[in-house]
There are 2 protein chains.
Amino acid sequence: MPRKKPLPTKERIIDVAGDIFGKNGFKAATIRQIATAAQANLAAVNYHFRDKEGLYRAVLEDTFSKGFHRFPYRKNPEESNAPDQQLHSFIRAMFHRFLNNEGWGGISGRGKLIAREFFEPTPAFEPIVDTYIKPHKEILVSIISDLSRGKAGMDKILPCAISIIGQCVYYTFAAPVIQRIAKEFLPTQENIDLLADHVFWFSLGGIQQINTRPVDKKTPIVLNTLQEKHP
Amino acid sequence: MPRKKPLPTKERIIDVAGDIFGKNGFKAATIRQIATAAQANLAAVNYHFRDKEGLYRAVLEDTFSKGFHRFPYRKNPEESNAPDQQLHSFIRAMFHRFLNNEGWGGISGRGKLIAREFFEPTPAFEPIVDTYIKPHKEILVSIISDLSRGKAGMDKILPCAISIIGQCVYYTFAAPVIQRIAKEFLPTQENIDLLADHVFWFSLGGIQQINTRPVDKKTPIVLNTLQEKHP
DNA sequence: GCTATTTTCAAACAAATGTTTTATTCGTTT
DNA sequence: AAACGAATAAAACATTTGTTTGAAAATAGC
């Protein structure tokens with residue numbers, strides 16, 4: 001009869017709590033709000049998750065688990081194994097995970113929840129880093145290392161990795177600012193390829209520049225050359 | 001006698017509120033906490049700022065005003081006017097504004113306050129965007145345009161600008177993640193030059209790549225070339 | 001079909017918090 | 001010196017909110 005309740009209460013609460021924690025943050029979200037939206041009783045949260053923080057932990061684990069499961073970060077052996085193709089796939093997968101509605105759905109979905117953990121992590125984020133973030137970073141490091149044919153040390157690889165992830169994260173989560181500056185590059189599901197292509201090419205140039213510039217040289221060289229082309 | 005009160009109550013509250021709003025967020029920060037830390041009476045906040053939100057608006061305006069005043073974004077006509085030097089200065093100024101203790105002091109200072117407004121802006125952020133962010137972006141756009149000798153359209157300039165600002169923002173605010181991945185690139189006052197140099201070179205290569213790659217080409221070209229150097 | 005366990009529900013509790021009120025103090029002006 | 005307004009102080013008010021409680025209902029196991 002009640003076909004509006006296909007999921008058991010516990011999972012319904014996790015689902016709804018993801019939205020509400022995302023929209024309002026941990027402190028501002030209220031258990032009453034969540035219970036009401038999940039069509040559950042107020043005490044159900046404390047019953048199933050012990051307390052508000054227990055619910056939050058469950059939401060976070062559920063979010064990352066589903067996001068990385070739907071859009072995995074492992075190298076795809078069926079693809080061309082050229083490292084530049086691998087980088088392109090990596091960036092595309094990241095944007096899909098962030099923006100696709102089957103993933104985290106951008107800042108109107110679970111995005112803000114994740115952004116907050118990036119910038120002001122709670123204790124609940126600790127296991128997430130070990131389980132998901134670190135292996136994810138290792139893949140990227142390995143791709144960048146391949147791109148430099150194994151010649152670059154970690155002192156060059158790591159900042160490049162941060163620059164790449166930083167672009168993806170910023171493009172995704174800074175939507176409110178981007179909307180006022182460059183509407184055509186808004187982080188939406190439709191723009192995933194556009195964004196991924198840009199970040200890919202920009203980063204490819206960046207990695208190349210980092211790998212080719214002379215050490216401890218203080219002045220730019222490549223673009224000076226470019227300028228001198230048209231004096 | 002009370003030499004511990006060099007500032008009038010109103011400004012003392014703004015100062016302390018900046019720290020506490022930054023550390024805890026708007027909702028979690030309490031007026032009692034702020035009043036106590038500012039050695040002011042509980043009612044002082046409502047008296048001087050009408051309500052909690054009024055105080056928050058004052059804090060935000062004060063933060064951006066001081067940050068941009070201490071580390072301005074205007075082109076410095078005394079510097080070399082080579083666009084690559086301008087880009088370097090722009091990035092350095094941005095990192096100083098973000099990280100320097102005379103600026104926003106990173107995420108242990110006012111950084112988190114600003115990060116939150118970037119990713120989930122409140123109504124109080126509206127005037128800030130018009131007064132500070134938009135002109136700031138225009139400077140960067142003009143520099144990138146100069147870098148491409150006026151040949152690039154906004155469809156190429158804007159995403160490059162976002163990529164550059166994104167790196168700076170991410171490097172600054174993702175400190176908790178960076179700490180677990182690349183400790184030597186932590187966003188601290190001492191690392192400003194290191195970070196600025198990396199973002200500068202990386203972005204210079206990125207801009208160059210965006211400007212030189214053939215339109216609508218789907219496969220990477222530059223790094224393939226690089227690879228073929230060592231077959 | 002009955003019992004034991006799990007889950008749901010309504011109500012109440014206790015703590016925290018933004019705001020208001022009223023009185024007092026302090027500095028300036030008349 | 002008196003008077004006025006601004007600023008400070010202490011207390012109380014009205015909500016909100018996380019959590020607990022005890023009973024009812026539903027479910028599972030035998």
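In what follows, every chain begins at residue 1, and chains take the letters A, B, ... in the order their sequences are listed.
Ring pair A:Phe119/B:Tyr170 is perpendicular by interplanar angle, where above 60° counts as perpendicular and below 30° as parallel. The aromatic rings of B:His88 and B:Phe200 stand perpendicular to each other, their planes meeting at an angle above 60°, with 30° marking the opposite boundary. Using the six-membered ring where Trp is involved, A:Tyr56 and A:Phe21 have ring planes that are perpendicular, over 60° apart on the 30 and 60° scheme. The aromatic rings of A:Phe202 and B:Phe202 sit tilted, their planes meeting at an angle between 30° and 60°.
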Each nucleotide N or O in nucleotides 4-8 of chain C that has a protein N or O under 3.5 Å away: list the pair and distance.
| unit_1 | atom_1 | unit_2 | atom_2 | d |
| --- | --- | --- | --- | --- |
| C:dT7 | OP2 | A:Tyr47 | OH | 2.8 |
| C:dT8 | OP1 | A:Thr9 | OG1 | 2.3 |
| C:dT8 | OP2 | A:His48 | NE2 | 2.7 |

Detail all sub-3.5 Å separations between protein N/O atoms and N/O atoms belonging to nucleotides 12-18 of chain C.
| unit_1 | atom_1 | unit_2 | atom_2 | d |
| --- | --- | --- | --- | --- |
| C:dG18 | OP1 | B:Ala29 | O | 3.4 |
| C:dG18 | OP1 | B:Lys52 | NZ | 2.9 |
| C:dG18 | OP2 | B:Ile31 | N | 3.0 |
| C:dG18 | N7 | B:Arg32 | NH1 | 3.0 |
| C:dG18 | O6 | B:Arg32 | NH2 | 3.1 |

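We find that A:Lys23 and B:Glu120 are not joined by a salt bridge, their nearest charged nitrogen and carboxylate oxygen being 4.0 Å or further apart. A salt bridge links A:Arg110 to A:Asp19: one of the charged nitrogens lies within less than 4.0 Å of a carboxylate oxygen.
Ring centroid separation for the pair A:His198 and A:Phe95 does not come in under the 6.0 Å cut-off.
The backbone N or O of A:Ala29 sits less than 3.5 Å from a side-chain atom of A:Lys52, completing a donor-acceptor pair.
Judged as a side-chain hydrogen bond (donor to acceptor under 3.5 Å, both in side chains), and not counting sequence neighbours, B:Tyr47 has no contacts. By the side-chain hydrogen bond (donor to acceptor under 3.5 Å, both in side chains) test, A:Arg50 pairs with no residue at all, sequence neighbours left out.
Checking B:Asp146 against B:Gln86 by side-chain atom types alone, no donor-acceptor pair falls below 3.5 Å.
Contacts between residues 13-23 of chain A and DNA chain D, defined by a heavy-atom separation below 4.0 Å, involve no residue at all.
The side-chain tip of A:Lys66 does not point at the ring of A:Phe71 from less than 6.0 angstrom away and within 45° of straight on.
A:Gln33 places its CD atom 20 Å from the P atom of D:dT15, with the value rounded to the nearest Å.
Over its length, the helix from C:dG1-D:dC30 to C:dT30-D:dA1 turns its helix axis by 10°, as judged from the five terminal pairs at each end, rounded to 10°.
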